[in-house]
Every structure is written in structure tokens, then in C-alpha cells.
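Taking it in order: structure first as C-alpha cells, then the write-up.
Residue numbers begin at 1 in each chain, while the letters A, B, ... track the order of the sequences.
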Number of protein chains: 2
Amino acid sequence: MQFHIDKINKLLDDFDEATLKALEEISYSKTYEKGSYLLKADNICTKSFFLKSGILRKFYLHNEKDVTTEFYFKGDLAVSFDSYTLQRPSKEYLQALTDVTVNTIEFNSFQNLKKKHLQLQELDFLITEYHALWLEEKVFELHTQNATQRYETLIKKSPHIVHQIPLTQIASYLNVSLETLSRIRAKK
Amino acid sequence: MQFHIDKINKLLDDFDEATLKALEEISYSKTYEKGSYLLKADNICTKSFFLKSGILRKFYLHNEKDVTTEFYFKGDLAVSFDSYTLQRPSKEYLQALTDVTVNTIEFNSFQNLKKKHLQLQELDFLITEYHALWLEEKVFELHTQNATQRYETLIKKSPHIVHQIPLTQIASYLNVSLETLSRIRAKK
DNA sequence: CGACATATTGAGATCCATCAACCAATGTGG
DNA sequence: CCACATTGGTTGATGGATCTCAATATGTCG
């Protein structure tokens, strides 16, 4: 996985002046207050959010409970993937867990820019590949690990999550009840 | 999802003569006997397989049991995604469940061809997107559905799987024990 | 038919969700 | 600055879903 991140960073380092400038021209900075929504269900995800500071979470509602699908930190790129890709209504919400500053790029602007800048096509491709690899790992973990193991994997991969985010949301991210997660932690 | 498949088909319909011809030149047909392996774990997945006839399955070993990750039918494209993408050793096996005929394309040949043919870049991108969408759906199902519901979803989405494939493998695909799946079916 | 793979059924064990009570920390209105 | 509400977390008891182990049945093919 790290290998793939390096690939993306290398591409970014090699970006043409022109490409960089064009990207800057279509992106704009925005801040959101803690608790507010960058995207709500039933709306189309027409923007991508590059997180400059703060924490985001993505979730959907299922049987009146929320299921957290991702946390985003500084440097992460947040979208509701299927809504963004297919430009259809989202099942997911994007919410600010803290005050947040993002660089925003409109889907349409980016698509237009891609036509002129081959490096952006490459970038988009690598990011999509990365997302798919990430999802494969997630499915693998859901298939092979129990609640305790999933929690341990999370700690190993993203120790910062455990320190900055309420247990309730971590539990829903791990697909475990709050109580079970609490017990898992008590055992150590 | 269907929308995205249509998008891919439309692109294929619009392919240049030159692109089509180049593709044909680097692909070759091959047959495998029932039970044989197109890819084994620890090897790098250097080929993609376009299935012309027969059935394939993809799986990995975990605690001495196999976990089936996918079935492939006529018209499907089979690779071990992370091994193919990163060109690193595979955790997964690709096995012929029946006698099988595939069109094979080498990873390297395809990458070279992509440089010259923009339409192939587009195709690769759309296929990767499709794979990611597919995985998102799978994670969603694992999070929200119990064994019975997952089985029903499978029947609805891929009724042919249930008729042509041993229960043992369907069970491991659904992440359910053989016994539980057998009971689920008995209840109907 | 006999042998081997595949599927069904039963009984007990295990993991985890749910429900409910409780506690601690934080915030808020009066 | 206190009383109370709210949020987040812990703990206990119970039940349900599903796994595991074991016995039996069914199917298939040389």
C-alpha cells in the first residue's frame, strides 16, 4: 500500500507548472464548523474535499443507526465514492468532527481539466486504484478477523483514530457494538 | 452499476480500428482443464483473463480453509486485483471450475499499449472504477446484512451462481459456514 | 457396487448484540 | 456557582445468530 502512496506522491512532485496552476485555479478553500455537514444523503457529491486541517467522518444511516465508513485526517481526500463517480444521489453523509478547513474542487471543473492535463488523468487513475486496494483490504479483514482482531488492526494502522474520536463512532466503523468494543478494550 | 457497465460497453463500441487491432495482437487464446490453476498464490499476476467460456473462481487460503472471493463467468475479466495492480506476489488463486477458454493479455504488453492508445487508458480507468464500486457494495452488504439476507441478495444478483457451483464454495463466498447455508436453504 | 465428494441435520459452544443500569465528565440556564 | 441535562463510556445479564463437531444421507463416477 505504501508503495502505491509513494507512486502518487512521485506523480505529484513531477507535476507541470501549468497543471499545478490550473488545479489551483479551480480549487478554493473553505471552512466548516464542528458538527456541520459537507455532504448530506440524497444529494449528489459534486465536490471533492482535500483536508487541510481537522477531522471528517463519512457515514450512512441504517435502521436508525449510523454506520461509519471512514475517517479523514489532514492530507486525506474525502468524497462519497459512488456518488462522486456516478454523479448520483449519495447514501452517505460527510460530517466535520472538528472545525475543518478543506480545499474544494468541483467534479465538473476537474473533469474538464482532465481533458487538457494528462497528469491529472494519471492522478485520478492512481487515486481510484488506491481506493480499490483499500477496499479489498477492508473486505479481507471483515472476512478473516473477529471484533478484537479488527480493533487491533485499527490501532496498528491508525493509532491516531483511537485517540481523537469517540468510541461510539469507532465501534460503528469496526462494525461492532459500543459495548463489545468497550469490553475489548477493558481486557487489555 | 448497470449504468457503469453501459459506459464501458459504449466505450468498447467506439474503439478505433487501430486500437482493436493492437489489442488483438497482444492477446492470445488459451484453454485450461477443470481443476487447474490460472494463477497460484505467491506468484505475480502478470496476466488478465477474459473469460470466453466456462467458470473460474478466485480464492485464498486462511487457517487451512479456502475463502472464495469471486466467481467469473463468460464475458467477465479475471485478475487478482492487488497482485495485478502492484505487480507483487498474489495471496489469491485463480482456478478453473470447469474446462475454460480465456483470452489472455500480459500486464506489460497492455501497459505499453496504453501509452499509445488513449482509449485503452479510459478503459482501464473505467474497469478500475467498476471494481471499486463493486467492492463498496460488498462492504455495504457485509455491514448491513445477515447470512440469510446475503444469500438472498446473491440469488437476486446472480441466480446462475446458485445453480452451477457447489454449496461449499458459495458458503465461503458469502462468509458463512456450509452448515448454516444449508439450513438457510432448507427454510424456504 | 464401492468410494469419495457433497449436502443435510442435530447438539453444544461461542461470539456478539441488545437491553438496562450506572458512572464520570462536560456544559448550561437560572 | 449550583442543579440538572447531555454526552460518552462501563458493566452485567440474557438471547440470538452462527460456528464447530459429529453423525447421517445423497449423489456421482469409475
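Rounded to whole Å, atom P of D:dT18 lies 8 Å from atom NZ of B:K187. Taking atom CD1 on A:I184 and atom C1' on D:dT11, their separation rounds to 15 Å, with Å as the unit. Between the C1' atom of D:dA17 and the CG atom of A:N175 lies a distance of 14 Å, rounded to the nearest Å. Here D:dC19 presents its C1' atom at 15 Å from CG of B:L174, a figure rounded to the nearest Å.
Shown here are the salt bridge (Lys or Arg N to Asp or Glu O under 4.0 Å) partners of B:E129, two or more places apart in sequence or in another chain: there are none. With sequence neighbours left out, the salt bridge (Lys or Arg N to Asp or Glu O under 4.0 Å) criterion links B:K47 to B:E106. A search for side chain to side chain donor-acceptor pair (under 3.5 Å) contacts involving A:Q149 returns nothing, not counting sequence neighbours. Legend: residues meeting salt bridge (Lys or Arg N to Asp or Glu O under 4.0 Å) with A:K114, ordered by chain and number and at least two apart, are A:D124. Remark: A:D66 engages A:R57 in a salt bridge (Lys or Arg N to Asp or Glu O under 4.0 Å) (not counting sequence neighbours). Partners of A:E33 according to the side chain to side chain donor-acceptor pair (under 3.5 Å) rule, which considers only residues two or more places apart in sequence or in another chain, do not exist here.
Mapping A:L178 and B:L181 onto DNA chain C via the closest heavy atom, the residue that lands nearer the 5' end is B:L181.
In terms of phosphate contacts, B:T180 brings no side-chain nitrogen or oxygen within less than 4.0 Å of OP1 or OP2 of D:dT18. Residue B:K65 places at least one side-chain N or O closer than 4.0 Å to OP1 or OP2 of D:dT20.
At a non-hydrogen distance threshold of 4.0 Å, nothing from residues 159-172 of chain A comes into contact with DNA chain C.
Of the possible donor and acceptor atoms, one in the side chain of A:S172 sits under 3.5 Å from a partner among the backbone N and O of A:T68.
Legend: ring-ring contact (aromatic ring centres under 6.0 Å, His included) pairs involving residues 139-161 of chain A, not counting sequence neighbours, sorted by first then second residue: A:F73-A:H160, A:F140-B:Y60. Contacts classified as ring-ring contact (aromatic ring centres under 6.0 Å, His included) and involving residues 92-125 of chain A (residues at least two apart or in different chains) are given here: A:Y37-A:Y93, A:F59-A:Y93, A:Y84-A:F107.
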Ignoring hydrogens and angles, write down the donor-acceptor pairs under 3.5 Å from the side chains of residues 20-27 of chain A, residues two or more places apart or on other chains.
| residue | atom | partner | partner atom | Å |
| --- | --- | --- | --- | --- |
| A:S27 | OG | A:L23 | O | 3.4 |
| A:S27 | OG | A:E24 | O | 3.4 |

Protein proximity profile, nucleotides 21-30 of chain D - base contact B, sugar-phosphate-only contact S, no contact -, cut-off 4.0 Å on heavy atoms: BB--------
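Protein chain B touches strand DNA chain C; the 5'-most and 3'-most nucleotides with an atom under 4.0 angstrom of its non-hydrogen atoms are C:dA7 to C:dA11.
B:K157 has a carboxylate O that lies under 4.0 Å from a charged side-chain N of B:E141, or vice versa, which qualifies the two as a salt bridge.
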